[in-house]
Amino acid sequence: MAVEPPILRIVDAAIAMDAMSYGRASYYFSSKSLTVEVYQILVDRGWRRSGTIFYKPDVLRHCCPHYTIRLPVASFKPSKDQRKAVNHWNDYVLGEAYMKEASRLYPISKEEKARVKNTFDLSREVHKTELQNVKRPPEPAHRFEVTLEPAAFTPEKYELFKNYQQNVHKEKPHEISQSGFKRFLCDSPLKQTSRTVDGKEQLLGSYHQCYRLDGRLIAMGILDLLPHCVSGVYMLYHSDFEQWQFGKLSALREAALALEGGYQYYYMGYYIHSCIKMKYKGDYKTQHVLDPETYEWHPLDAELRALLDKKTYVSMSRERRRKEQKSDEETSAAAEQDDYSDYPLPTAAEGGKAVSDGMSLFDLKVPGLMTAEEIEQQLDLATMPIRVRGQMAEAQDLVSWEGSDLKNPRSIKGIIGEMVACMGPEVAWQVVVQLG
């Protein structure tokens, strides 16, 4: 019986046997225990989580291509509309009477007035009206508090979720349940830890950022705090406060958290260029888009936006490679054409049928996945740690291992091989594959 690799953090992982679901063209696995370091690597390879389920879309074949984006918070400059949303909320919380009296009791210099008027300090403005930062007397119109709490279930949080799903997402009462809320927004495999960055404690793991007005929970952001980013999972607010644009307020606050906590980046989830409800994420500038083929980051600039307007699937590395291969005499129209001939079965319908009929992901060819040849050259799958009925072993200890084929998705070698191809070599030896 093989022992667990001593130099690696171990993750329990259960692979979805129907690895590629082509209704949504994604690869899935589930895990009840995952380190934030491993999840950071996965996020930077296009993965996201919903509860304990992790998924990676096939950007080429997905009906609505999902692109991972991130915002470098040190260079983020909120737009006029974003600043306006914060200012309106702050005015509401403080109230006109408070602001008038406070300006008399706590006068500021002309220089300070000019600085406040002409510059927008993100951290200062998002925290300005939190109760602990409000100068008193007088009392503000409302007592506003924001706390970062463990991602645990409470009846208060569930009531907010229920209101949001009914009034904003128009779900019927029978479609909403406590178990669904727990599974979706409370259950997380990420363990809460912390580390010291620049002399300050940096929290890691899954949290709820709770917004309370006069003691009432009115909004909540579900966040994953990772070594290099604040990752927004979900945001919900009470319908009574819909006018206050909590989508913008929460995004600015989460960007501020990333800046203040030394996380470097703010991840807003997937950017879907063809979907109005998701396209707004590009308004937080300048976002960078993860290349689905090379996992490089490219700015969401005019060039990339123009390509996304014309094409369903865009890889900047692919575009540049193709341009280099074209001669100067070829027309721009011809240069823009791409038949994706290096990807067999480029549609979701074709790919879905092929996978259902037993085609391997290695033969289907999914953007960004390791090839079978790369796995054979770089990794020894036979020593992959596995767990069977609670006992640790290596993949090669299985009776069926030697006779299985890497390109047979129904064999144990094929299942593990596809998982490794999707996760990448950095993660491969930090997971334990749970079978049965």
Using side chain to side chain contact (heavy atoms under 4.5 Å, CB included), reason through Asp301 and Thr286 one step at a time and then give a plain yes or no.
CA-CA 8 Å; Asp301 55 14; Thr286 296; 5.7 Å; no
Determine whether Phe76 and Lys285 satisfy the following criterion, side chain to side chain contact (heavy atoms under 4.5 Å, CB included), listing intermediate values before the conclusion.
CA-CA 6 Å; Phe76 171 50; Lys285 298 179 179 178; 5.8 Å; no
Which is it for Tyr67 and Tyr271 under the ring pair (Phe, Tyr, Trp, His ring centres under 6.0 Å) test, yes or no, and what are the steps along the way?
CA-CA 5 Å; Tyr67 296 92; Tyr271 175 74; 7.3 Å; no
Side chain to side chain contact (heavy atoms under 4.5 Å, CB included) for Tyr28 and Ile53? Distances and angles first, verdict last.
CA-CA 7 Å; Tyr28 299 87; Ile53 302 297; 3.9 Å; yes
Working note: Leu122 + Val73, criterion side chain to side chain contact (heavy atoms under 4.5 Å, CB included); need CA distance, chi angles, decisive distance, verdict.
CA-CA 10 Å; Leu122 178 61; Val73 290; over 6 Å; no
Could you give me the CA-CA distance, side-chain angles and deciding distance for Tyr313 and Glu293, then say whether side-chain hydrogen bond (donor to acceptor under 3.5 Å, both in side chains) is met?
CA-CA 11 Å; Tyr313 170 73; Glu293 297 190 5; 2.7 Å; yes
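The shortest heavy-atom contact between Ala428 and Leu379 is CB-CD1, 4.4 Å. Residues Cys210 and Leu217 approach most closely at CB-CD1, 3.6 Å, considering heavy atoms. The shortest heavy-atom contact between Pro150 and Lys157 is O-NZ, 3.3 Å. Nearest heavy-atom pair across Gly368 and Arg45 is O-NH2, 3.5 Å. In terms of heavy atoms, Pro385 sits closest to Val431 at CG-O, 3.3 Å. Scanning all heavy atoms of the two residues, the minimum distance from Met235 to Ala219 falls at CE-CB, 3.6 Å.
We find that Asp91 and Lys128 are not joined by a salt bridge, their nearest charged nitrogen and carboxylate oxygen being 4.0 Å or further apart. Salt-bridge formation is not detected for the pair Lys117/Glu112: no Lys NZ or Arg NE/NH1/NH2 atom is positioned less than 4.0 Å from an Asp or Glu carboxylate oxygen. Ion pairing between a basic and an acidic side chain is recognised when a charged N comes within 4.0 Å of a carboxylate O; Lys162 and Glu159 show such pairing. Between Arg49 and Asp224, at least one side-chain nitrogen of the basic residue sits less than 4.0 Å from a carboxylate oxygen of the acidic one, meeting the salt-bridge criterion. Ion pairing between Lys407 and Asp363 holds under the 4.0 Å rule for side-chain N and carboxylate O. The pair Glu350-Lys353 does not meet the salt-bridge criterion, since no charged nitrogen lies less than 4.0 angstrom from a carboxylate oxygen. One finds a salt bridge joining Asp58 and Arg61 here, because a Lys/Arg side-chain nitrogen approaches an Asp/Glu carboxylate oxygen to under 4.0 Å. Between Arg212 and Glu149, at least one side-chain N (NZ, or NE/NH1/NH2) sits under 4.0 Å from a carboxylate O, which counts as a salt bridge.
The backbone N or O of His142 sits nowhere less than 3.5 Å from a side-chain atom of Asp214 that would complete a donor-acceptor pair. Judged by distance alone, the side chain of Gln209 and the main-chain N or O of Ser250 form no donor-acceptor pair under 3.5 Å. In terms of modelled atom types and a separation under 3.5 Å, the side chain of His273 and the main chain of Cys64 share no donor-acceptor contact. Judged by distance alone, with hydrogens and angles left aside, the side-chain atoms of Asp291 form a donor-acceptor pair with the main-chain N or O of Met316 at under 3.5 Å. Counting only distance, with no hydrogens or angles, the side chain of Asn118 and the backbone of Ala114 share a donor-acceptor pair below 3.5 Å. Of the possible donor and acceptor atoms, none in the side chain of Arg195 sits under 3.5 Å from a partner among the backbone N and O of Gln202. Side chain of Thr196 to backbone of Gly199: no donor-acceptor contact under 3.5 angstrom is found. A donor-acceptor pair under 3.5 Å is formed between the side chain of Lys281 and the backbone N or O of Met268.
Counting only residues at least two apart or in different chains, side-chain hydrogen bond (donor to acceptor under 3.5 Å, both in side chains) contacts with residues 177-193 comprise Ser177-Ser179, Ser188-Ser206. Within the structure, the side-chain hydrogen bond (donor to acceptor under 3.5 Å, both in side chains) test picks out the following pairs touching residues 167-176 (sequence neighbours left out): Gln165-Glu171, His169-Tyr234.
Checked against the 6.0 Å centroid threshold, Trp47 and Tyr55 do not count as a close aromatic pair. Ring pair Phe144/Trp89: centre-to-centre distance below 6.0 Å.
Of the N and O atoms on the side chains of His228 and Gln264, at least one donor lies less than 3.5 Å from an acceptor on the other residue. Under 3.5 Å, the side chains of Asp339 and Ser341 contain a donor-acceptor pair of N or O atoms. Side-chain contact check for His298 and Glu319: no donor-acceptor pair (N or O, by modelled atom type) lies under 3.5 Å. Side chains of Thr294 and Glu296: a donor-acceptor N/O pair is present below 3.5 angstrom, by distance only.
A 4.5 Å side-chain heavy-atom check between Val433 and Arg387 finds every atom pair outside the cut-off. For the pair Leu60 and Val366, the minimum side-chain heavy-atom distance is 4.5 Å or more. Using a 4.5 Å heavy-atom cutoff, the side chains of Leu204 and Ser194 are not in contact. The shortest distance between side-chain heavy atoms of Phe246 and Ile218 falls below 4.5 Å. Between His62 and Ser26 the shortest side-chain heavy-atom distance falls below 4.5 Å. In this structure, the side chains of Asn87 and Glu125 come closer than 4.5 Å at one or more pairs of heavy atoms. Between Ile69 and Tyr267 there is no side-chain heavy-atom pair separated by less than 4.5 Å. Residues Tyr263 and Leu203 meet the side-chain proximity criterion, which asks for heavy atoms closer than 4.5 Å.
Expressed to the nearest 0.5 Å, how far NZ of Lys135 lies from CG of Leu94 amounts to 12.5 Å. Separation of atoms CG (Leu190) and OG1 (Thr35) is listed at 8.5 Å; rounding is to 0.5 Å. With rounding to the nearest 0.5 angstrom, the CG atom of Leu308 is 7.0 Å from the CG atom of Leu300. Rounded to the nearest 0.5 angstrom, Met384 CE and Ile416 CD1 are separated by 6.5 Å. We find the CZ-CD distance between Arg253 and Glu260 to be 8.5 Å, quoted to the nearest 0.5 Å.
In this pair, Phe29 and Phe54 present their aromatic rings parallel. The plane angle is below 30°, not in the 30 to 60° band. Relative ring orientation between Tyr158 and Phe153 is described as tilted, the plane-to-plane angle lying within the 30° to 60° band. Using the six-membered ring where Trp is involved, His238 and Phe241 have ring planes that are perpendicular, over 60° apart on the 30 and 60° scheme.
Within the cation-pi definition used here (under 6.0 Å to the ring centroid, within 45° of the axis), Arg70 qualifies as a partner of Tyr265.
When the options Arg321, Lys365, Arg318 are evaluated for a salt bridge (charged side-chain N to carboxylate O under 4.0 Å, His left out) with Asp342, the one that passes is Arg318.
Scanning for side chain to side chain donor-acceptor pair (under 3.5 Å) contacts around Glu254 gives Tyr266, with sequence neighbours left out.
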